[in-house]
Number of protein chains: 2
Amino acid sequence: MTDTDNVAIGRRDRKKAQTRAALTAAALRLVAERGLEHVTVEEISEAADVSSRTFFNYFTCKDEALTDDPALDGTPVVARLAAVPAHVPALRAVRLALDEAIDTIQADRELWRLRLTVITQNPTLLPRLVSSNIATERAMVSVIATRLGVGPDHGLPPLITAVTSAAFHTAMLRWAAGDDTRPLRDLVDEAFAAVAAGLPDPPPAS
Amino acid sequence: MTDTDNVAIGRRDRKKAQTRAALTAAALRLVAERGLEHVTVEEISEAADVSSRTFFNYFTCKDEALTDDPALDGTPVVARLAAVPAHVPALRAVRLALDEAIDTIQADRELWRLRLTVITQNPTLLPRLVSSNIATERAMVSVIATRLGVGPDHGLPPLITAVTSAAFHTAMLRWAAGDDTRPLRDLVDEAFAAVAAGLPDPPPAS
DNA sequence: CTAAAAACTTGCAGTCTGTGCAACTTCGCT
DNA sequence: AGCGAAGTTGCACAGACTGCAAGTTTTTAG
């Protein structure tokens, strides 16, 4: 981020982003150290140097400070999906639309590793991680329906939306577990390829 | 349920099942009438004729009374999956293992219609509906890994687990929306067939 | 540059969710 | 019938979360 960027987005927005990041970092650190049930919103806010009332200006609930990240915002993904040329099949188009999110997560590897460790240790957080904003989901279903040239009640667009989300999140959890050391991009590609092939049983090892 | 069944499962278990069902019914009815934020746990418990302390003996939190159902218990599904003959591909085997859950949900159509209406009106409930118990999920991944003859860190078993779950829930939401009047079984079959085919774009309408 | 408006922070009071504990009640077993 | 196990209940309390209003900071307009 250059000085020009600072001027463009204003002190107000810059400080908001910093506060948000500070809250997230504090929440992840404290919960990793002590466990979810032993860290209060007050303590997270104190560690980030804001009041707990301010915490709730940024997150709707305590869990969200641990699971929410700008990289998971579906809105730009939907916009990029709509911009993929029409001849590209929907499955492939969704994959392409995820490119930037994948790069952003990969670039922030340490934060994501910590986040996904925290989530693994506190599985009640997982549903919140994998769910998206309902309006965003509906927007994606709508874009896919348009790409497929089908009506609003067709079964395929919500199915593609849900399955691609599942594939993406499964790859992300695998990447964070560290069993497979390949970049996130490779793991997402592998998951999407398996889905495109119809999830066949692998051939028996010879 | 015959008198013989009553004797077999005992008064204790019978009353527990009744209390649980009463709490669920009360929660769904009240929330449908007034909205999630305007119904308290105290009111739900009062309507079901138990104390609110008892409510928490049945559900870990308020939302769970709305989203949890014995039909969604993955444990019998995992057991049935393990019993499907080994030559059946994993995707197909998961589909077969879901048979009883599908029938149970279909048989309880009014309850499920109400539940899914409530969830549609309160989208924050959706992640909890579609998530499963982490231990159950790991058990399913393990059974699938065994069926596929792959190791514990292979990418395919968690992917199949997540994708089949997404397909099932997408079909269920569609069924409950009522746009398509076919039985749940047909919608699940259609979703699984699309997944098995690799989610291809439909041919253009002539 | 100044003043006003807009946006954000904070403290506070209060409600609701959820938990641990212990006394009481009901059920099941011998 | 008696006893132990299982389940219910009331209670006190902590923590999450919300609405409100006063105070502070940043942005805008003249």
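What's counted below: heavy atoms across the whole structure, side chains too, no hydrogens, waters or symmetry copies. Sequence lines set the chain letters: A, B, ... in the order given, protein chains first and strands last, and positions in each chain run from 1. Being a predicted model, the structure only gives us computed values, none of them experimental.
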Do A/K15 side-chain atoms and A/G10 backbone N/O form a donor-acceptor pair below 3.5 Å?
no
Distance check needed: C/dC27 C1' versus B/K16 NZ, whole Å only.
12 Å
Ionic contact status for B/R115 with B/D68, cut-off 4.0 Å
no
Between A/E190 and A/R185 (salt bridge meaning N to carboxylate O under 4.0 Å), is one present in this structure?
no
Just how far, in rounded Å, is P of C/dC8 from CZ of A/F55?
18 Å
In whole Å, I'd like the distance from the CD atom of B/E46 to the P atom of D/dG10.
10 Å
Taking the basic N atoms (NZ, or NE/NH1/NH2) and the acidic carboxylate oxygens, is any pair closer than 4.0 Å for B/D99 and B/R80?
no
To the nearest Å, give me how far apart CD (B/E37) and C1' (C/dG14) are.
17 Å
With nearest nucleotides of DNA chain C determined for B/T60 and A/R12 from heavy-atom distances, which residue corresponds to the more 5′ nucleotide?
A/R12
Counting only heavy atoms not in B/E64 (residues, nucleotides, ligands), do more than 12 fall under 6.0 Å from its CD?
yes
Spacing between A/L66 atom CG and D/dA16 atom P, to the nearest angstrom:
11 Å
To the nearest 0.5 Å, how far apart are CG in A/D201 and CZ in B/R147?
8.0 Å
Let's see if you can work this out: which of D/dT9, D/dC17, D/dT27 has an atom nearest to the side-chain heavy atoms of A/K62?
D/dC17
Rounding to an integer number of Å, can you tell me how far A/R14 CZ sits from D/dT25 P?
16 Å
Specify the residue among B/D13 and B/S52 whose closest nucleotide of DNA chain D lies further upstream toward the 5′ end.
B/D13
Below 4.0 angstrom, which residues in residues 17-36 of chain A have at least one non-hydrogen atom near DNA chain C?
none
Which listed nucleotide (C/dC16, D/dT8, C/dG11) is nearest to the side chain of B/T40?
C/dC16
Heavy atoms from C-beta onward define the side chain here; which of C/dC27, C/dT9, D/dG10 lies closest to that of A/Y58?
C/dT9
Exceeds 12 heavy-atom contacts within 6.0 angstrom, atom CG of A/D49
no
Does B/E100 have more than 12 heavy atoms from other residues, nucleotides or ligands lying within 6.0 Å of its CD?
no
Classify the side chain of B/R53 and the base of D/dG7 as holding, or not holding, a donor-acceptor pair under 3.5 Å.
no
What's the closest nucleotide to the B/F56 side chain, out of C/dC8, C/dT19, C/dT9?
C/dT19
Rounded to 10°, the angle between the first-five-pair and last-five-pair axes of the helix from C/dC1-D/dG30 to C/dT30-D/dA1 is 30°
It should be established whether B/S51 places a side-chain nitrogen or oxygen under 4.0 Å from OP1 or OP2 of nucleotide D/dT8.
no
Whole-Å gap separating C1' (C/dT19) and NE2 (A/H38)
12 Å
Answer yes or no: is there a side-chain heavy-atom contact under 4.5 Å between A/L129 and A/L72?
yes
The side chain of B/N57 is closest to which nucleotide in this list: D/dT9, C/dA6, C/dT17?
D/dT9
Which of these nucleotides, D/dG10, C/dT10, C/dC27, is closest to any side-chain atom of B/K15?
C/dC27
C/dT26 base to B/R11 side chain: any donor-acceptor pair below 3.5 Å?
no
Taking 4.0 angstrom as the limit, do B/E43 and B/R34 come out as a salt bridge?
yes
Rounded interatomic separation in angstrom, taking CG from A/D63 and P from C/dG18
11 Å
